Amino acid sequence: MKVIRPLPRRFFDRPADQVARDLLGSRLVVRGADGRVSRHMVCETEAYLGAHDLACHAARGMTPRNAVMFGPAGIWYVYLCYGMHWMLNVVTGPPGVPAAVLIRGVGGHQGPGRLTRALGIDARHGGLPAARETGLWFEAGQDVPPRLVARTPRIGVGYAGAWAEKPLRFVVDPETLVSVEDVGRRSRRRPRRTEA
DNA sequence: ACGATGATGAAC
DNA sequence: TTCATCATCGTA
């Protein structure tokens with residue numbers, strides 16, 4: 001039987017929008033405290049491109065919080081938002097380029113704060129590599145054909161001027177993705193939150 | 001439409 | 001040391 005290896009670091013050492021697109025259909029894999037492993041299909045991501053991207057945390061320079069974004073690819077960037085939600089990101093691109101991809105939705109869990117809560121992800125993961133040893137990594141899943149990928153503006157970044165409108169959010173309807181032979185029929189598109 | 005809830009970063 | 005600001009979510 002085929003051995004599934006974690007997505008390697010080089011997978012993430014590319015522009016964030018490419019990584020965000022290609023993570024759709026992959027599996028986010030978590031090993032819980034009890035040793036059990038669970039796999040979750042990635043169905044929604046957002047790309048934060050670097051210091052020039054005004055929606056990116058690194059747009060105003062390096063701080064203790066965002067420092068990990070300036071490092072090598074394949075490292076978890078986890079931060080607390082609105083006082084209660086842990087946001088899971090993976091750093092992309094070469095050192096010096098502070099870019100990352102936000103994991104915004106995985107199968108069965110809509111919303112970045114809900115999925116971290118459900119999977120037990122928090123600050124402990126920040127700064128660690130996405131690898132088996134850390135208990136949180138990615139594995140290749142199924143390829144998602146382009147026609148099933150929707151691109152929209154990112155959520156909650158209305159302050160970012162022109163960057164707020166760029167289509168850097170990538171969504172695939174998990175219902176659609178489940179049945180590969182059903183690609184001819186576009187399933188109902190879920191109504192999404194809109195910008196303010 | 002809005003309040004919960006707390007770290008973060010910048011100003012003072 | 002204060003203060004505004006959040007890459008959200010549940011309830012209304």
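Everything quoted here is computed from the prediction, not taken from an experiment. Order of the sequence lines sets the chain letters (A, B, ...), proteins ahead of strands, with each chain counted from 1.
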Gap between atoms CG and P, on A:L102 and C:dC6 respectively (whole Å): 16 Å

Any A:H57 side-chain N or O less than 4.0 Å from OP1/OP2 of C:dA7: yes

Residues A:D53, A:R154; criterion salt bridge (charged side-chain N to carboxylate O under 4.0 Å, His left out); working and verdict: CA-CA 12 Å; A:D53 175 358; A:R154 294 168 292 185; 2.7 Å; yes

Donor-acceptor pair, side chain of A:R9 and main chain of A:A73, under 3.5 angstrom: yes

Distance below 4.0 Å between A:R117 side-chain N/O and C:dC9 OP1 or OP2: no

Aro-ring/base stack A:Y82-B:dG6, d under 5.5 Å, angle under 30°: no

Protein-nucleotide distance (A:M84, atom CE; C:dC6, atom P), rounded to Å: 16 Å

Among C:dC6, B:dA4, C:dC9, the one nearest A:P112 by side-chain distance: C:dC9

Please produce a list of atom pairs where a protein N or O lies less than 3.5 Å from an N or O of nucleotides 7-12 of chain B.
{"from": "B:dG9", "atom 1": "OP1", "to": "A:T63", "atom 2": "OG1", "distance (Å)": "2.2"}
{"from": "B:dG9", "atom 1": "OP1", "to": "A:R65", "atom 2": "N", "distance (Å)": "3.4"}

Restricting both atoms to N or O, compile the protein contacts to nucleotides 10-12 of chain C shorter than 3.5 Å, with distance only.
{"from": "C:dG10", "atom 1": "OP1", "to": "A:R114", "atom 2": "NE", "distance (Å)": "2.9"}
{"from": "C:dG10", "atom 1": "OP1", "to": "A:R114", "atom 2": "NH2", "distance (Å)": "3.4"}

Residues A:C56, A:M69; criterion side chain to side chain contact (heavy atoms under 4.5 Å, CB included); working and verdict: CA-CA 10 Å; A:C56 182; A:M69 295 181 83; 3.5 Å; yes

Ring geometry between A:W163 and A:H52 (parallel below 30°, tilted from 30 to 60°, perpendicular above 60°): perpendicular

Residues 74-91 of chain A side chain polar contacts: donor-acceptor under 3.5 Å, at least two apart:
{"from": "A:W76", "atom 1": "NE1", "to": "A:L136", "atom 2": "O", "distance (Å)": "3.1"}
{"from": "A:Y77", "atom 1": "OH", "to": "A:H57", "atom 2": "ND1", "distance (Å)": "2.7"}
{"from": "A:N89", "atom 1": "ND2", "to": "A:Y77", "atom 2": "O", "distance (Å)": "3.2"}

Pairs satisfying salt bridge (charged side-chain N to carboxylate O under 4.0 Å, His left out), at least one member in residues 132-142 of chain A, at least two apart: A:R39-A:E139

Flag side-chain contact, heavy atom, 4.5 Å: A:L168 against A:P153: no

Shortest non-hydrogen contact from A:V144 toward A:L148: CG1-CB, 4.0 Å

Flag side-chain contact, heavy atom, 4.5 Å: A:V149 against A:R21: yes

I'd like a table of donor-acceptor pairs (distance under 3.5 Å, sequence neighbours excluded) in which one partner is a side-chain atom from residues 120-128 of chain A, with atom names and distances.
{"from": "A:D122", "atom 1": "OD1", "to": "A:R124", "atom 2": "N", "distance (Å)": "3.0"}
{"from": "A:D122", "atom 1": "OD1", "to": "A:R124", "atom 2": "NH1", "distance (Å)": "3.1"}
{"from": "A:D122", "atom 1": "OD2", "to": "A:R124", "atom 2": "NH1", "distance (Å)": "2.9"}

Short side-chain donor-acceptor distance under 3.5 Å, A:T45 and A:R104: no

Sugar-phosphate only, base, or nothing, as touched by A:M87 at under 4.0 Å among non-hydrogen atoms: sugar-phosphate

Secondary-structure notation, DNA chain B, from Watson-Crick and G-U pairs under 3.5 angstrom (| other strand): ||||.||||||.

